Amino acid sequence: METINLMEIAREQIRRTIKKAAEKAVQQDSLPELHIDEIVLEIPREKQHGDFATNVAMQMARQAKMPPRKIADILVSNMALEGTYIEKVEVAGPGFINFYLKKEWLYQVIHAIEWMGNDYGRVNIGNGQKVMVEFVSANPTGPMHMGNARGGALGDCLASILEWAGYDVTREFYINDAGNQIEKFGRSLEARYVQLLKGEDAFPFPEDGYHGEDITDHMREFISSEGDKYLDVDSEERRKVFVEYALNKNIEKIKADLKRYGIEYDVWFHESWLYENNEVQQTIDELTQKGYTYEKEGAIWFKATEFGAEKDEVLVRNNGVPTYFAADIAYHRNKFITRGFDRVIDIWGADHHGHVTRMKGAMKAIGCDPDKLDVIIIQLVRLLKNGEVARMSKRTGRTVTLSDLLDETGVDAARFFFNMRQSGSHLDFDLDLAVKQSNENPVFYVQYAHARICSILRLLSEEGIQVKGADSIDVSLLNQPEEVELLKKLVELPEEITIAALTMEPSRMTRYVLDLAALFHTFYNACRVKTEDVELMAARLKLIDCVRIVLSNVLHLLGVSAPERM
RNA sequence: GCGCCUGUAGCUCAGCAGGAUAGAGCAACUGCCUUCUAAGCAGUGGGUCAGGAGUUCGAAUCUCUUCAGGCGCGCCA
């Protein structure tokens with residue numbers, strides 16, 4: 001797809017202009033020949049400092065043994081601005097070169113948005129690379145918690161950003177339906193089953209079992225349909241039945257909750273498949289063949305320390321059962337080798353960060369480039385209610401689950417709030433704020449901007465006034481500061497998507513859309529769209545229609561609705 | 001003890017491949033609705049960028065160190 005990034009166009013023109021000026025100066029012997037790796041162009045914080053600024057003169061100063069301002073002057077006097085968007089160039093401060101662009105450049109964005117519509121903002125830095133985002137992967141032995149909720153919002157938005165950046169993205173959920181924890185799950189269910197029918201003391205609850213009420217609930221329901229006929233059934237056999245029953249219920253619930261949350265996975269990958277296809281054993285064999293394992297005390301160990309880890313790790317316990325780690329290596333081997341992903345992004349909770357180094361080490365051991373695996377660690381979530389930390393749901397008296405949260409705040413607020421903070425920082429989720437219908441609530445603030453625009457469009461449309469094509473309006477009428485600021489923000493979207501994709505930070509997009517909404521509200525109060533001046537009205541109408549498209553694009557990328565009325 | 005993350009306005013956080021006077025929202029105070037949604041806008045006050053040292057023309061940003069908080073270091077996942 002053809003994409004338009006005005007920011008990139010401007011940067012390229014400026015870089016070329018600087019380069020040519022430098023070459024010319026060297027030819028005239030007014031500057032020595034020097035090498036600069038990359039010309040850094042930044043957007044100055046202060047508007048008086050122009051649209052772009054560069055510090056090349058300061059960087060060259062040492063090499064050239066000349067004062068930075070003098071270098072800057074020489075460069076500027078050798079610049080040829082004809083045929084570019086550059087209007088004027090100034091030297092300022094310690095030696096910055098500030099570039100001021102023509103308004104024409106800015107007005108191009110109107111055409112770009114009209115041209116690309118709901119695809120405006122897309123870029124192609126991914127070149128169709130196959131990338132997997134594996135996220136949530138909640139333990140199917142119980143309900144989803146706030147960590148899963150944050151991971152879901154983050155992972156899904158990151159996946160969307162990568163799609164917008166030109167990657168071929170697969171969203172995947174890893175279902176841990178095998179191994180030790182399923183054993184524990186089965187023993188816990190069995191204990192509750194017998195206890196419910198014959199009393200608390202009739203069966204000892206396993207030391208390391210799952211104590212949650214949901215386990216008892218499962219068995220209570222099971223009994224109401226199946227009765228007590230499993231009391232006399234062989235332990236192993238009935239545990240199998242209980243596990244299948246409860247696990248399916250949990251997985252169905254997880255799928256339903258995530259669907260409600262607006263997340264559609266491409267693949268639900270079962271850990272058990274890795275065992276069924278013998279991939280866990282194959283992986284262990286491969287590591288052994290390469291000499292990266294050894295036996296000690298009846299267990300098989302992986303030499304993780306040879307790959308930078310602090311200590312070696314058990315792959316197969318002395319009872320012959322592979323560890324979670326062994327299965328996880330097999331899983332990642334499957335992602336990279338069997339399925340051929342170019343990049344894999346895993347989103348894990350903070351309590352798994354110790355796992356990162358050894359996982360990357362294992363990647364190296366099986367011949368995969370560890371740099372192609374990115375692990376995003378998300379920090380914990382604190383729920384706040386009435387200014388206090390809320391651990392339990394008031395309604396159920398149990399820990400707050402994803403569905404409790406969605407009941408309380410709705411999908412829009414949850415997804416927006418979880419993406420307001422960088423993944424690395426702890427997040428306080430203010431439940432009261434999330435449901436507040438006022439300017440304090442960032443979700444409403446952005447959605448309100450969208451609804452306001454739709455309202456104006458609707459009103460004028462009823463009077464027979466429609467949005468015109470970019471070619472039939474006079475864009476140069478958009479010269480109020482509020483209008484210019486809005487246009488500048490619209491220009492930034494492709495670059496914002498690019499940076500968000502490169503840094504894997506969806507929170508950038510929530511900040512962007514908040515900024516854009518704020519600029520719109522300012523514009524709204526300063527400039528009227530509906531006026532007697534027909535030409536001006538047409539131009540402003542076009543402008544707000546562009547803002548509407550961009551707000552809508554970003555909100556949808558975040559998985560948040562863009563209401564037309566509020 | 002070792003490793004990772006965090007520390008910026010009263011609160012919640014941006015800024016951190018070094019750049020010009022450190023920003024936003026909330027809270028506080030002052031204004032703006034006979035005109036397209038006041039779920040909005042404009043303005044005021046508010047800082048030892050945790051402390052210290054170093055590198056640099058220039059450090060919130062990079063290095064070292066101290067302090068404070070969180071997490072991890074299982075034949076758990």
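In what follows, every chain begins at residue 1, and chains take the letters A, B, ... in the order their sequences are listed. Owing to the predicted nature of the structure, the values given are computational and were not obtained by experimental measurement.
Residue side chain A:F96 meets the stacking definition with respect to B:A20: its ring centre sits within less than 5.5 angstrom of the base's six-membered ring centre, and the planes differ by less than 30 degrees.
In this model, the phosphate group of B:A38 is approached by a side-chain N or O of A:R452 to a distance below 4.0 Å at OP1 or OP2. Distances shorter than 4.0 Å separate some side-chain N or O of A:R45 from OP1 or OP2 on B:A20. Under 4.0 angstrom from either OP1 or OP2 of B:C41 there lies at least one side-chain N or O belonging to A:Y445.
At a threshold of 4.0 angstrom between heavy atoms, the contacts of A:C527 include nucleobase atoms, whether or not backbone atoms are also involved. If you check every strand for non-hydrogen atoms under 4.0 Å, A:T522 touches sugar and phosphate atoms only. Using a 4.0 Å heavy-atom criterion, one finds that A:A92 contacts the bases of the nucleic acid, with or without backbone contacts as well. Within the nucleic acid shown, A:A451 comes within 4.0 Å of at least one base atom, counting heavy atoms only. Within 4.0 Å of A:A449, counting heavy atoms only, lies no atom of the nucleic acid at all. When heavy atoms are screened at a 4.0 angstrom cut-off, A:M58 is found touching base atoms of the nucleic acid.
Nucleotides B:G47 and B:A53 are separated by 22 Å at their P atoms, to the nearest Å. Atom P of B:G10 sits at a distance of 34 Å from the matching atom of B:U56, rounded to the whole Å. Comparing B:U12 with B:U6, their C1' atoms are spaced 15 Å from each other, to the whole Å. Taking atom P on both nucleotides, B:G23 is separated from B:C67 by 33 Å, rounded to a whole Å. Distance noted for atom P between B:U55 and B:A42: 45 Å (whole Å). Here the separation of B:G18 from B:A22, taken at their C1' atoms, is 14 Å to the nearest Å.
A cation-pi arrangement is present between A:R452 and A:Y524, with the terminal nitrogen or guanidinium carbon under 6.0 Å from the aromatic centre and inside a 45° cone about the axis. For the pair A:K364 and A:F307, the cation does not sit on the ring face, since its NZ or CZ is not both under 6.0 Å from the ring centre and inside 45° of the axis.
Pairing for B:U35 is absent, with no Watson-Crick or G-U wobble pair whose two atom distances lie under 3.5 Å. For B:G58, there is no paired nucleotide, since no Watson-Crick or G-U wobble pair has both relevant distances below 3.5 Å. Figure legend. B:A17 is base-paired to no nucleotide; pairs are counted as Watson-Crick or G-U wobble with both atom distances under 3.5 Å. Nucleotide B:A24 forms a pair with B:U12, judged by Watson-Crick or G-U wobble geometry with both contacts under 3.5 Å. Nucleotide B:A42 forms a pair with B:U30, judged by Watson-Crick or G-U wobble geometry with both contacts under 3.5 Å. The nucleotide B:C71 finds its pairing partner in B:G3, both defining distances of the Watson-Crick or G-U wobble pair being shorter than 3.5 Å.
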>> I'd like to know whether A:H352 forms a side chain to side chain donor-acceptor pair (under 3.5 Å) with A:D346, so could you lay out the CA-CA distance, the side-chain angles of the two residues, the decisive distance to 0.1 Å, and finally the verdict.
In response: CA-CA 11 Å; A:H352 282 63; A:D346 291 347; over 6 Å; no
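For A:Q59, there are no side-chain hydrogen bond (donor to acceptor under 3.5 Å, both in side chains) partners, not counting sequence neighbours.
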>> Using a 4.0 Å heavy-atom cut-off to protein, can you give one letter per nucleotide of nucleotides 72-77 of chain B, 5' to 3': B if the base is in contact, S if only the sugar-phosphate is, - if neither?
In response: SSSBSB
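A residue-by-residue look at A:M420 and A:I456 shows that A:M420 has its nearest nucleotide of RNA chain B further toward the 5' end.
A side-chain contact (heavy atoms from CB on, under 4.5 Å) with A:I110 is found for one member of A:L490, A:L478, A:D545 and no other, namely A:L478.
Taking atom CG on A:N525 and atom P on B:A39, their separation rounds to 12 Å, with Å as the unit. Whole-Å rounding puts the A:F417 CZ to B:G25 P distance at 16 Å. With rounding to whole Å, A:E505 atom CD is found 11 Å from B:C16 atom P. As rounded to whole Å, 10 Å separates atom P of B:A38 from atom NE2 of A:H521. The separation between A:L427 atom CG and B:G25 atom P is 20 Å, rounded to whole Å. One atom, CZ of A:R69, and another, C1' of B:A20, lie 11 Å apart when rounded to the nearest Å.
Between the side chain of A:R358 and the backbone N or O of A:F325 there is no donor-acceptor pair closer than 3.5 Å. Distance alone, capped at 3.5 Å, places no donor-acceptor pair between the A:N419 side chain and the A:F416 backbone. Using a distance-only test at 3.5 Å, with no hydrogens or angles considered, a donor-acceptor pair links the side chain of A:Q447 to the main chain of A:S561.
Between A:D51 and A:K488, at least one side-chain N (NZ, or NE/NH1/NH2) sits under 4.0 Å from a carboxylate O, which counts as a salt bridge. For A:E172 and A:K335, the salt-bridge test fails: no basic side-chain N is under 4.0 Å from an acidic carboxylate O.
The listed nucleotides are B:C36, B:G15, B:G19; the one nearest the side chain of A:R511 is B:G15. Relative to the side chain of A:Q422, the nucleotides B:G23, B:A14, B:G19 differ in distance, and B:A14 lies closest.
In this entry the base of B:A17 is syn relative to its sugar, with a glycosidic angle within 90° of 0. B:C16 adopts an anti glycosidic conformation, its chi angle falling more than 90° from 0.
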